[in-house]
Visitor: 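Structure below; questions to follow.
Within every chain, numbering begins at 1; the chains are lettered A, B, ... in the order of the sequence lines, protein sequences first and strands thereafter.
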Amino acid sequence: MLPILIRTIKDKKVSLIIYCVAAVLIIWMYIGMFPTIQEEAESFNELIKNYPESFMKAFGMDEQITFDKIENFLSIEHFSLVWPIMMIFFMIALATFGLATEIEKGTAEIMLSRPVSRVEIFLARYLAGIIILLIFTLVSVYSLIPLAELHDIDYVLTNYNTMAMLGLLFGWAVFSMAMMFSAIFSEKGRVYMVGGMTIVGMYIANLAASLLEKVENLKYISFFHYYDYQAALVENHINELSIYVFVGVAVVCTSIGLIWFNKRDIAV
Amino acid sequence: MPIIEVNNLVKHFGQVKAVDDISFSVEKGEIFGFLGPNGAGKTTTIRCLMDFIRPTTGEIKILGKDAQKNTVKVKEDIGYLSGNVRLYDKWTGQAHLNFLRKLNGHKEDHSTELIKRFDFDPSRKTKELSSGNRQKLGIIMAFMFYPKVLICDEPTNALDPLLQNEVYELLQEASKREVTVFMSSHNLAEVEKVCERVAVIKEGKMAATESIISLKQKKIYSVHAHFADKFDPADFQGNGLKIVRQLNNSLMLKVKGDIDQVVKKLSQYKLVDLEIDQASLEDIFLEFYE
């Protein structure tokens with residue numbers, strides 16, 4: 001199992017570096033902008049107060065939020081949409097590479113013709129993905145610390161610990177779901193399509209739930225409801241239900257993916 | 001004890017019966033050919049043997065072990081070669097060999113010797129390799145761990161005649177070391193050259209399992225007779241005789257079995273010319289598909 005795990009990390013190291021560098025550069029951009037934003041915080045707060053309520057809800061903006069702290073600023077500008085989009089793209093691509101790409105290209109035969117079980121192949125690819133997820137999350141969240149020090153900006157370290165934990169849980173659930181699709185489908189295009197559509201569906205469900213009272217309960221089927229970045233980064237808090245949902249989804253999807261991959265025909 | 005034993009193997013893909021109740025066994029050190037045209041079920045059978053796909057019903061034993069339940073143990077002793085070798089484009093040949101070495105638990109291998117024998121450059125990325133060189137790497141990967149069983153799916157695809165002969169030599173050398181070889185092919189000349197026994201698969205069903213010698217001994221003749229005068233075609237019908245072409249004073253016949261009856265009937269006529277050819281393995285093979 002270890003050779004497959006190590007080889008997978010080696011194969012994905014360029015992607016990992018690109019995603020990490022991109023995440024750091026984006027954070028750096030926000031950090032660079034923040035002193036100006038902070039100076040103009042009052043005008044921004046006034047501007048935000050004048051936004052329509054539905055707009056605020058659609059973008060998950062709290063009326064009480066102010067731009068006087070870097071945590072508030074990053075939660076709205078970075079961790080609301082940019083960071084989860086990066087995470088979703090990266091995790092779906094990683095999971096697709098893990099199994100479906102191998103099946104589609106026929107390279108799965110290389111491993112399957114050697115004395116390695118399918119369970120080992122699945123777990124090696126899965127654990128490699130989790131290690132990459134961990135590295136990306138840590139780099140993309142904690143890169144703020146040296147950058148904030150560099151620009152002499154105050155920050156609350158514990159809030160970033162909580163944000164990193166929430167990010168890990170969110171990424172783990174997305175990755176596990178994508179691995180399940182990757183184990184089920186034999187074409188990478190299908191994994192991208194079904195995985196992408198599921199996430200877009202969840203986003204729309206959460207958006208609709210925040211705008212229309214009639215469909216308020218739809219939010220419970222969306223990862224974006226449980227991914228409460230403001231609570232994590234601003235209030236240093238993760239809802240217990242979010243932990244249960246993300247862990248539950250990850251465990252269930254991983255189990256289904258593993259069982260399916262172990263039973264399915266490969267190279268048909 | 002047979003090294004490969006397949007009993008009542010059935011594999012359906014939805015409504016399609018890719019393999020329909022086939023059984024055969026391969027003995028130790030034997031080179032067993034699995035013959036059939038494209039779509040006959042050869043690759044499906046091989047993929048079942050390798051546990052890439054799971055049989056709908058039936059049993060496969062390799063080296064006395066269930067090929068599905070004991071797949072990891074069984075594959076310690078199997079070398080697998082596909083005619084269409086799939087490789088990781090961004091890896092070098094050496095990276096492939098190193099990866100396999102690690103997957104096989106750093107078992108002793110003779111990849112260096114094979115690299116020299118095939119004049120293969122392992123330092124190049126596989127996306128830069130020609131199809132022949134990719135196949136060379138596939139051959140090295142299949143043979144490098146001294147397998148007890150070799151399973152080859154049309155192994156000489158994409159190889160030039162020189163390399164094809166090199167593969168035949170490798171297979172024969174392996175057989176001398178008591179390695180059991182199971183190879184599929186749609187190339188009769190190849191099977192005739194290399195294999196000792198052959199199974200013929202037709203539309204997912206086993207048409208026959210024969211030794212190459214007995215297959216050749218299935219006498220089929222092609223008879224071309226030119227008569228001096230008119231003849232009665234009714235004399236040359238039935239009982240293993242089939243008129244292929246009939247002109248005014250000439251007749252082309254296919255004869256299955258005893259040639260004596262035809263010679264006796266022909267002797268009743270005055271002949272201008274007579275040609276009798278023994279059928280090639282190809283003709284015999286085609287008989288199974290009629």
Visitor: Counting only heavy atoms closer than 4.5 Å, note whether B:Thr43 contacts chain A via side chain, backbone, both or neither.
Guide: neither
Visitor: Does A:Glu102 come within less than 4.0 Å of A:Lys105, counting only side-chain N to carboxylate O?
Guide: no
Visitor: Taking side chain as everything from C-beta outward and backbone as N, CA, C, O, which of these in B:Ile78 sits under 4.5 Å from a heavy atom of chain A? Side chain, backbone, both or neither.
Guide: backbone
Visitor: Quick check, are the ring centers of B:Trp91 and B:Phe99 under 6.0 angstrom apart?
Guide: yes
Visitor: Using heavy-atom distances under 4.5 Å, tell me whether A:Arg114 contacts chain B through its side chain, its backbone, both, or neither.
Guide: both
Visitor: Hey, are B:Lys148 and B:Glu178 close enough for a salt bridge, meaning a charged N less than 4.0 Å from a carboxylate O?
Guide: no
Visitor: Taking all non-hydrogen atoms of both residues, which atom of A:Tyr226 and which atom of A:Ser242 are closest, and how far apart?
Guide: O-OG, 2.9 Å
Visitor: Would a 4.5 Å heavy-atom cut-off, applied to side chains only, mark B:Lys11 and B:Phe13 as touching?
Guide: yes
Visitor: Pick one of side chain, backbone, both or neither for A:Ile4, based on which atoms fall under 4.5 Å of a heavy atom in chain B.
Guide: both
Visitor: Using non-hydrogen atoms and a 4.5 Å limit, figure out which bit of A:Met111 sits close to chain B: side chain, backbone, both or neither.
Guide: both
Visitor: Between A:Phe175 and A:Phe170, does the ring centroid distance fall short of 6.0 Å?
Guide: no
Visitor: Enumerate by number any residue of residues 16-33 of chain B whose heavy atoms lie under 4.5 Å from heavy atoms of chain A; in the absence of such residues, state 'none'.
Guide: none
Visitor: Looking at chain B, which one of A:Asp11, A:Leu2, A:Ile6 has the largest number of heavy-atom pairs inside 4.5 Å, strictly under?
Guide: A:Asp11
Visitor: In sequence, state the C-alpha distance, the side-chain angles, and the governing distance for A:Ile238 and A:Ile243, and then conclude on side-chain contact (heavy atoms from CB on, under 4.5 Å).
Guide: CA-CA 7 Å; A:Ile238 303 178; A:Ile243 298 173; 3.8 Å; yes
Visitor: Just checking A:Tyr142 against A:Tyr160, ring centres under 6.0 Å apart?
Guide: no
Visitor: Is the ring centre of A:Phe246 less than 6.0 Å from the ring centre of A:Tyr227?
Guide: no
Visitor: Residues of residues 116-132 of chain B under 4.5 Å from chain A (heavy atom pairs)?
Guide: none
Visitor: Between A:Glu187 and A:Arg190, does any NZ, NE, NH1 or NH2 come within less than 4.0 Å of an OD or OE carboxylate oxygen?
Guide: yes
Visitor: May I ask you to check if A:Lys12 and A:Phe97 form a cation-pi contact, with NZ or CZ under 6.0 angstrom from the six-membered ring centre and within 45° of the axis?
Guide: yes
Visitor: Please tell me whether B:Ser184 and B:Glu154 have a donor and an acceptor in their side chains that are separated by less than 3.5 angstrom.
Guide: no
